[in-house]
Amino acid sequence: MEISARLLEWYKNHHRSLPWRKTRDPYKIWLSEIILQQTRVNQGLPYYLNFIETFPTVDDLARAPQEQVLKLWQGLGYYSRARNLHKAAQQVVEDGGIFPTSYKDLLTLKGVGAYTAAAIASFCYDEVVPVVDGNVYRVLSRLMGISSPINTTPGQKEFRALATMLISKKDPATYNQAIMEFGATHCTPKNPLCNSCPFQTDCVAFNMGKVDELPVKVKKTKVKNLFHHYLVVLTPQNKTILQQRPQSGIWAGLYEFPFVESIGNLLFHELREDQVFQELLGGVRFRESVYNQDPIVHKLSHRKVHAYFWVIETETEIPNAITRDEAAEKPVHVLIERFMREFWNITKE
DNA sequence: AATACGGGGGG
DNA sequence: CCCCCAGTATT
C-alpha cells in the first residue's frame with residue numbers, strides 16, 4: 001500500500017479529537033496554526049479556546065486593542081506571533097473580511113510562512129500542498145533514512161520535494177493532518193512506538209537501528225546571561241510603576257518593572273547610583289528591601305535571566321504610578337507574572 | 001545562511 | 001541538563 005494510504009488509515013484509527021479539526025473556518029484554522037507554531041498542542045489548546053471565545057470572528061480580533069491581544073497571549077512566548085496575528089487580522093478585514101484562499105496568497109499575511117500557508121490552504125481549501133513541520137521532518141527522515149540536516153536550506157529543499165511527492169492528491173487535508181499527528185504521537189522524538197508501527201518493515205532507520213539518530217539537526221544556541229535588578233515601587237497609596245519594553249527584541253512591547261541591568265551581581269548602593277534608578281527615584285525618600293536574596297533564574301532557549309526584585313517603598317506618591325488592578329491588566333512576560341502572583345498574594349491585606 | 005525570538009515538558 | 005515543539009522574520 002502507498003505511504004499516504006497507510007498514513008490515512010493510521011490516522012482514521014488513532015487521531016486525537018481537537019477543536020480546530022472540527023471546522024473548515026479559515027479564521028479558526030489560521031488562529032490554531034499560529035498558536036501551535038513551536039508550541040505543543042497541550043500548551044496551546046487553552047489559549048485557542050480563550051481566543052475563540054474572546055474574538056469569535058476575525059473582525060473582533062482586528063478591532064481589539066493590541067494590548068488586549070498581547071494580554072491574551074501572555075505566557076505563550078514568541079510574542080511577535082501575537083502582534084503579527086493582530087496585524088494579519090487587520091489585513092484580512094481591509095481585504096473585505098475574507099481570508100486568502102490559496103497557498104500563494106496566504107503567504108502575504110503577517111506571520112504566515114510556508115508551513116502555515118500550506119496548513120490553511122490544504123485544511124480549508126483542499127489545495128495539494130504539503131505541510132513540512134518538525135513532525136514531518138522526523139517521520140520522513142526516519143522512514144527514508146535521510147540524514148540531511150533539517151535546518152539547512154538544501155536539507156529543507158530535499159524534504160519539501162519528498163513531501164510533495166508523497167502527499168495524497170485525493171485528500172491532502174487529511175493527509176497533512178495525518179503525517180503530523182503520526183509524528184506527534186507515534187514517531188516521537190524519544191521512545192517512538194516502533195513495535196506497533198505500520199511502517200516498521202519499510203522504515204530505513206528502524207531496519208538500520210538508527211531511529212534515535214534521525215533526524216539530523218546542526219545547531220547549538222548559545223545562551224546569554226542577563227542580570228536584571230527590578231525596582232518594585234510601592235507608594236503610600238499602594239501604587240507601583242510598570243514600563244513598556246521596546247517594540248523590538250525580547251519580550252517586545254510587554255510591560256515590566258523598571259530595572260537596572262548589570263554584568264553580574266550588584267550591591268544596593270551600586271544599584272542606587274545607577275542612572276535608571278536616579279531617573280526613577282532621584283530625590284524621593286524611600287525604604288528598600290530585597291525580595292529575593294538569591295537570584296530568580298528564568299531560563300529561555302537563548303537567554304538565562306538572573307532576576308533580583310527590590311521593593312522600594314516610597315514616602316510620597318510617584319508620577320505615573322498605577323494601581324495593582326491597573327497593573328494586572330498589562331501584558332507581562334512569565335518572570336514578571338510569577339513575581340506578581342507571589343508578591344501580591346503576600347502583600348494582600 | 002545565521003540568528004533572534006519564549007516557555008514548557010520529557011527523559 | 002539537553003532536546004524538542006503544527007515556524008517566521010530579520011539580518
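Proteins get letters first, then strands, A, B, ... in listed order; numbering begins at 1 in each. Just so we're clear, the structure is a prediction, and the values are computed from it rather than from any experiment.
Using a 4.0 Å heavy-atom criterion, one finds that L76(A) contacts the bases of the nucleic acid, with or without backbone contacts as well. Among the atoms of the strands shown, none is found under 4.0 Å from any heavy atom of G44(A). G183(A) comes within 4.0 angstrom of no nucleic acid atom, judged by non-hydrogen atoms across all strands. Across all strands, V334(A) comes closer than 4.0 Å only to sugar-phosphate atoms, never to a base (heavy-atom distances). Heavy atoms of T152(A) sit nowhere under 4.0 angstrom from any nucleic acid atom. Residue A114(A) is in sugar-phosphate contact alone, with no base atom involved, counting any heavy-atom pair closer than 4.0 Å across all strands shown. R21(A) comes within 4.0 angstrom of a base, heavy atoms only. At a threshold of 4.0 angstrom between heavy atoms, the contacts of V112(A) are confined to the sugar-phosphate backbone, with no base atom among them.
Contact check, Q37(A) against dG7(C): no side-chain N or O comes under 4.0 Å of OP1 or OP2. The side chain of W20(A) contributes no N or O atom lying less than 4.0 Å from OP1 or OP2 of dA6(C). For R303(A), a side-chain nitrogen or oxygen approaches OP1 or OP2 of dC5(B) to under 4.0 Å. Dashed line: the shortest gap from a side-chain N or O of H302(A) to OP1 or OP2 of dC5(B) is under 4.0 Å. Phosphate proximity of dG10(B) to R40(A): absent, as no side-chain N or O sits under 4.0 Å from OP1 or OP2. Phosphate contact (OP1/OP2 of dG7(B), side-chain N/O of Y79(A), threshold under 4.0 Å): present.
Ring centroid separation for the pair Y48(A) and W20(A) comes in under the 6.0 Å cut-off. Taking the ring centroids of Y47(A) and W73(A), they lie at or beyond the 6.0 Å cut-off. Here F286(A) and F277(A) bring their ring centres to under 6.0 angstrom of each other. Taking the centre of each ring, F259(A) and H229(A) stay at or above the 6.0 Å mark. Between F199(A) and F182(A), a ring centre-to-centre spacing shorter than 6.0 Å is recorded.
In terms of polar N and O atoms assigned as donor or acceptor, the side chain of Y78(A) comes within less than 3.5 Å of the base of dG6(B) in a complementary pairing. Under 3.5 Å, the side chain of T116(A) and the base of dG7(C) form no donor-acceptor pair of N or O atoms. For T39(A) against dG7(B), a side-chain-to-base donor-acceptor contact under 3.5 Å is absent.
Closest contact between the side chain of T153(A) and the listed nucleotides dG6(B), dC4(C), dA1(B) involves dA1(B). Residue N135(A) places its side chain closer to dA6(C) than to any other of dA6(C), dG6(B), dA9(C). Of the listed nucleotides (dC5(C), dG6(B), dA6(C)), dA6(C) has the atom at the smallest distance from the side chain of Q177(A). With distances taken from any side-chain atom of I250(A) to the nucleotides dT8(C), dC5(B), dG8(B), the minimum falls on dC5(B). Each of dA6(C), dG11(B), dC4(C) was ranked by its minimum atom distance to the side chain of A184(A); first place goes to dA6(C). Considering only the side chain of R138(A), dC4(C) comes nearest among dG8(B), dG6(B), dC4(C).
Across every strand in view, dC4(C) sits in a pair with dG8(B) that passes the Watson-Crick or G-U test at under 3.5 angstrom.
Rounded to whole Å, atom P of dC5(B) lies 13 Å from atom NE2 of H298(A). Rounded to whole angstrom, the span from the CG atom of N191(A) across to the P atom of dC3(C) amounts to 16 Å. Distance D133(A) CG to dT8(C) P: 10 Å, rounded to the nearest Å. Protein atom NZ of K217(A) is 9 Å distant from nucleotide atom P of dG7(C), rounded to whole Å.
A gap of 22 Å separates the P atoms of dT8(C) and dG8(B), to the nearest Å. Comparing dA4(B) with dA6(C), their P atoms sit 24 Å apart, to the nearest whole Å.
When each of N151(A) and S80(A) is assigned the nucleotide of DNA chain B bearing its nearest heavy atom, the one mapping closer to the 5' terminus is N151(A). With DNA chain B read from its 5' end, the first of the two nearest nucleotides for K299(A) and K222(A) is the one closest to K222(A). If K110(A) and L36(A) are placed on DNA chain C by their nearest nucleotide, the residue sitting closer to the 5' end is L36(A).
No side-chain donor from either of R81(A) and N84(A) sits under 3.5 Å from a side-chain acceptor of the other.
Hydrophobic clustering, with ILVMFWY side chains joined whenever heavy atoms are under 4.5 angstrom apart, keeps L280(A) apart from L234(A).
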